[in-house]
Amino acid sequence: MAERSGGRPTGLRRPAVGRRRFRSLRARTTLGAVVVVLAALLVGAAAFVVVLRLVLLDGVRTSAESGLDQAAARVEADGAGAVRGYEDVLVQVVDDDGSVIAHGDDADPPALPTADESRWSHDGERWLLVADDVDLPGGGDATLVYGVSLEQTDAAVGAAVVLLAVGVPALVLVMGLVTWGVTGRSLRPVERMRNEVEGIRAARPDARVEVPDSGDEIARLAGTMNAMLDRLDRAAEGQRRFVSDASHELRSPIATIRQHAEVAAAHPERTEVAELADVVRSEALRLQDLVAALLELSRLDEGGTGRRRPVDLDDLAFDAVARARVRARSAPGGVVEVDGSGIGPARVLGNERVLAGVVRNLVDNAVRHAETRVVVALADDGGRAVLTVDDDGPGVPPGERDRVFERFVRLDEARSRDAGGAGLGLAIVRDAVRAHGGEVAVTESPLGGARFVVRLALGG
């Protein structure tokens with residue numbers, strides 16, 4: 001019984017290892033090259049032997065026909081006895097009854113075949129025979145048979161077969177060894193890159209694959225892998241920064257609630273219940289909004305916006321404007337006017353909840369920064385829905401117009417968190433718009449502040 005390791009026979013794992021090695025690119029390349037070259041050489045060798053034999057037979061036939069013509073001339077001039085004395089060839093003069101009238105030294109009776117061309121074996125030797133009718137000087141007809149040995153032809157063909165039988169396997173073996181070596185050398189940088197990538201750990205996120213100087217596909221593969229590692233490194237760094245920022249933002253309201261609760265527990269006579277309830281409610285709402293924003297970003301990071309269907313973007317814009325007007329009136333001063341008269345009809349294909357968050361975040365952001373006025377417009381521009389949100393606030397500096405869409409970014413660091421939010425609204429807008437195949441940008445507004453522009457393909 002096979003020795004067991006971990007409850008499974010160890011002998012069962014060995015074939016799998018062999019199969020894994022055989023499935024290597026080096027082995028498959030070598031095997032494929034050997035099979036193709038072997039098949040080509042076998043076909044070529046067979047064709048060569050056939051052609052060589054035909055060429056040699058044609059030479060023997062020409063020699064036999066030439067000898068036949070010369071012998072026929074002598075017989076017609078000197079009689080049948082002229083064939084006596086022929087050596088190393090077969091010569092016979094045969095009458096119509098099949099009897100041998102005369103023959104050469106090596107062509108003793110019986111009579112040879114008198115067909116126009118035939119092959120004949122005698123004493124283990126093969127001969128090519130040709131025949132022709134001749135007129136005897138004394139009158140009468142006979143058949144002259146002339147034969148040339150095929151020994152040299154058969155020897156040449158046999159030698160070629162032996163050479164090919166030895167040379168083809170040797171050539172295939174050499175070719176296989178060369179292919180194995182060249183393939184291994186070519187794949188050595190790939191194996192080195194695999195080991196380098198396998199050795200990259202979180203403790204060395206800046207480690208990269210060495211790019212060879214060959215300038216070939218392997219070098220381009222190494223460059224592509226380094227670019228991929230750069231992207232992964234940036235993504236990991238962004239994830240770490242995001243987690244750090246999220247932890248900080250979550251810690252702030254929790255710390256505020258805990259601080260007020262500890263003060264109330266330590267000095268109940270100095271704490272107003274209503275005041276404590278307002279603080280807890282305010283921080284809880286802030287915490288709730290932050291968690292909701294983080295969950296939304298997590299869903300967008302997973303690349304999904306849920307099920308898509310036709311959405312009337314103008315309805316979402318009107319709802320956001322109405323909601324902003326209520327908030328603007330309830331805010332201290334209540335001086336911000338929200339104008340939605342420029343909203344036209346536009347239908348897009350997407351997730352209504354996500355798109356509603358896009359419009360709401362843009363309008364809320366504009367109201368937060370506006371001095372007196374916010375203008376929301378929606379129009380159809382060449383098959384695309386274009387949503388613009390303008391305000392007359394301080395605007396966004398040109399150098400910050402890309403960074404403003406990053407997570408946890410607040411350009412006005414002096415602004416209180418209650419007024420400025422956690423810096424996730426515009427990040428949600430950017431990710432949501434991209435998930436819908438659109439684009440968002442910020443420019444200068446005709447009102448003097450910022451203009452946020454969202455473009456989405458019409459659909460539905």
Side-chain angles (χ1 to χ4, degrees), residues 241-299 316-340 353-354 356-374 376 389 391-394 404 406-429 432 449-450 452:
R241 186 171 59 251
F242 176 73
V243 172
S244 176
D245 292 339
S247 300
H248 176 74
E249 295 291 340
L250 290 171
R251 189 185 304 117
S252 180
I254 293 175
T256 302
I257 294 174
R258 178 180 177 181
Q259 178 184 2
H260 283 76
E262 289 177 350
V263 170
H267 306 283
E269 71 282 357
R270 300 180 184 178
T271 303
E272 294 291 339
V273 175
E275 179 181 356
L276 178 61
D278 288 341
V279 171
V280 172
R281 181 168 55 251
S282 174
E283 295 299 324
L285 289 174
R286 177 181 164 193
L287 189 61
Q288 176 182 335
D289 292 341
L290 180 58
V291 171
L294 292 174
L295 290 175
E296 185 66 27
L297 285 172
S298 176
R299 282 192 291 265
L316 302 182
F318 281 125
D319 291 342
V321 168
R323 178 176 175 274
R325 286 171 178 169
V326 173
R327 295 188 62 183
R329 285 194 298 268
S330 62
V335 295
V336 177
E337 175 191 356
V338 183
D339 182 4
R353 176 189 59 80
V354 176
V358 168
V359 180
R360 184 172 60 251
N361 282 332
L362 289 178
V363 175
D364 289 348
N365 179 75
V367 172
R368 186 182 304 119
H369 294 88
E371 296 290 339
T372 59
R373 192 162 184 244
V374 172
V376 181
V389 180
D391 66 70
D392 60 353
V404 74
E406 296 179 5
R407 299 174 182 183
F408 297 105
V409 169
R410 290 181 294 271
L411 299 183
D412 187 3
E413 297 296 343
R415 183 187 295 118
S416 68
R417 293 182 183 272
D418 289 335
L424 293 177
L426 295 181
I428 293 176
V429 169
F452 286 86

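Keep in mind the model is a prediction, meaning the values are calculated, not measured.
Across every non-hydrogen atom of Gly340 and Arg325, the tightest pair is N-NH2, 3.6 Å. Pairing each heavy atom of Ala432 with each of Val354, the nearest pair is CB-CG1, 3.5 Å. Across Ile257 and Ala284, no two heavy atoms sit closer than the pair CD1-N, 4.2 Å. What you find for Ala317 and Val359 is that their closest heavy atoms are CA-CG1, 3.8 Å. Among all heavy-atom pairs drawn from Asp391 and Ala366, the shortest one is CB-O, 3.8 Å.
In this structure Asp364 satisfies the salt bridge (charged side-chain N to carboxylate O under 4.0 Å, His left out) test together with Arg323, Arg327, sequence neighbours excluded. Residues satisfying the salt bridge (charged side-chain N to carboxylate O under 4.0 Å, His left out) criterion with Asp319, sequence neighbours excluded, are absent altogether. Scanning for side-chain contact (heavy atoms from CB on, under 4.5 Å) contacts around Asp339 gives Ser341, Arg373, Val375, with sequence neighbours left out.
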For Leu362 and Leu426, what are the C-alpha separation, side-chain angles and deciding distance, and is it a side chain to side chain contact (heavy atoms under 4.5 Å, CB included)?
-> CA-CA 7 Å; Leu362 289 178; Leu426 295 181; 3.9 Å; yes

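The side-chain contact (heavy atoms from CB on, under 4.5 Å) with Val321 is formed by just one residue from the set Val367, Val376, Val374; it is Val376.
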